[in-house]
> 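Once you've had a glance at the structure underneath, I'll fire off some questions.
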Protein chains: 2
Amino acid sequence: MSDLLERLRGRGWRMTAQRRVVAEVLDGDHVHLTADEVHARAVAKLPEISRATVYNTLGELVSLGEVLEVATDRRAKRYDPNAHRPHQHLVCARCGAIRDVHPAGNPLADLPDSERFGFVVSAVEVTYRGVCPNCAGA
Amino acid sequence: MSDLLERLRGRGWRMTAQRRVVAEVLDGDHVHLTADEVHARAVAKLPEISRATVYNTLGELVSLGEVLEVATDRRAKRYDPNAHRPHQHLVCARCGAIRDVHPAGNPLADLPDSERFGFVVSAVEVTYRGVCPNCAGA
DNA sequence: ATCCTACGATGGACTTTGTCCAAGTCAAGT
DNA sequence: ACTTGACTTGGACAAAGTCCATCGTAGGAT
């Protein structure tokens, strides 16, 4: 199950009930919850947990590189526990469903020097948009 | 100068002092202002203009397809008048400077069917991140 | 040139998402 | 078990944006 928790323990992360619950909520594939969604699920397991703690904990997990921040819309940031393998995102324009995807090739290589304006370019984020089978079907 | 204003007139857009000022502010290449920045510059030309009007007008320009919304960070949306040619963005991680860039190839083609999860994929947004010459130099 | 009227502008209240802080609590080492 | 520094809490605060009732005006009609 939760190798996230295992990894965190191994890194000497001080363990508290609140942190454990947040880490447990953020487990699985194609998980992209907002902070408030994480809070809601955490409250179900540990009713006293506060919003501030969820924000703090998510921020730390991001700093540790164990969770990624994803901004697929202009609403709330989402948190993606799939930080161990590089990937991009595919988003349904209707229902907002998000899938992790792995495009072929290296998008960085597609930006010619003449289009770099002297920047040292080090990263690229790609968001594919479309309609998911569920929304298209109906 | 402002072909944006010309185009809008041609499309039967009702012209007001406020709308003209917003359209004038949004003119040029590599322009990526936030709504508040647009408002600040608009106020310099027309002191009575309200924030709500700037938001309304920007929203309409986006609906008309004359201006693009850009979300390069999790802060405010930015508005890009360069809607006539498809392009992506290159962002400086230090100072936030943004350039319009044109990558080679079609990023849509890089997403194999096996990675589409049954979605009908219709668009892709790419954000390159790096450090601009100004920030790297110092 | 003036009048009408629907469309646009206004500003203030409200919402959402997130940050900050002082005070209380607790995990983990001794 | 004690101690201590790290963690948690709740509430105040802030930034970005939306909503709405009311007022004003662009532009067609006369």
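Naming: A, B, ... by sequence-line order, numbering from 1 per chain.
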> Report the residues that fulfil side-chain hydrogen bond (donor to acceptor under 3.5 Å, both in side chains) with A:R129, sequence neighbours left out, ordered by chain and then residue number.
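Counting only residues at least two positions away or on another chain, A:R129 forms a side-chain hydrogen bond (donor to acceptor under 3.5 Å, both in side chains) with B:E125.
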
> Is there a side-chain contact between A:R51 and the phosphate of C:dT19, meaning an N or O under 4.0 Å from OP1 or OP2?
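No, outside the criterion.
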
> For A:E115, give me all partners under salt bridge (Lys or Arg N to Asp or Glu O under 4.0 Å), at least two apart in sequence or on another chain.
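Residues passing salt bridge (Lys or Arg N to Asp or Glu O under 4.0 Å) with A:E115: none at all.
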
> Between which nucleotides of DNA chain D, 5' to 3', does chain B make heavy-atom contacts below 4.0 Å?
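First and last nucleotides in contact are D:dA15 to D:dG27.
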
> Does anything in residues 68-79 of chain A reach DNA chain C, meaning a heavy atom under 4.0 Å, and if so which residues?
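A:R75, A:A76, A:K77, in order of number.
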
> Who pairs with A:T53 by side-chain hydrogen bond (donor to acceptor under 3.5 Å, both in side chains), at least two apart in sequence or on another chain?
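Here the qualifying residues are A:S50.
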
> Test side chain to side chain contact (heavy atoms under 4.5 Å, CB included) on A:V21 and A:Q18 and set out the steps.
CA-CA 5 Å; A:V21 165; A:Q18 291 85 349; 6.0 Å; no

> List in chain and number order the residues that pass ring pair (Phe, Tyr, Trp, His ring centres under 6.0 Å) with A:F117, two or more places apart in sequence or in another chain; answer none if no residue qualifies.
B:H30

> Going 5' to 3' through nucleotides 25-30 of chain C, assign each nucleotide B (protein heavy atom under 4.0 Å from a base atom), S (under 4.0 Å only from sugar-phosphate atoms) or - (no protein heavy atom that close).
-BBS--

> Please work out which of the three classes, parallel, tilted or perpendicular, describes the rings of B:H32 and B:H89, given edges at 30° and 60°.
perpendicular

> Specify the angle, to 10°, made by the local axes at the two ends of the helix from C:dA1-D:dT30 to C:dT30-D:dA1 when five pairs are taken at each end.
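What I find for the helix from C:dA1-D:dT30 to C:dT30-D:dA1 is an axis angle of 30°.
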
> For residues 78-100 of chain A, which residue pairs pass the salt bridge (Lys or Arg N to Asp or Glu O under 4.0 Å) check, not counting sequence neighbours?
A:E37-A:R78

> Under the side-chain hydrogen bond (donor to acceptor under 3.5 Å, both in side chains) rule, collect the residues that match up with A:E60, sequence neighbours excluded.
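For A:E60 the side-chain hydrogen bond (donor to acceptor under 3.5 Å, both in side chains) partners, ignoring immediate neighbours, are A:W13, A:R19.
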
> Enumerate donor-acceptor pairs with a distance under 3.5 Å from any side-chain N or O in residues 38-45 of chain B to protein atoms, sequence neighbours excluded.
residue	atom	partner	partner atom	Å
B:H39	NE2	B:I49	O	3.2
B:K45	NZ	B:E24	OE1	3.3

> Give me the residues of residues 37-47 of chain A where at least one heavy atom lies under 4.0 Å from an atom of DNA chain C, by number, or none.
none

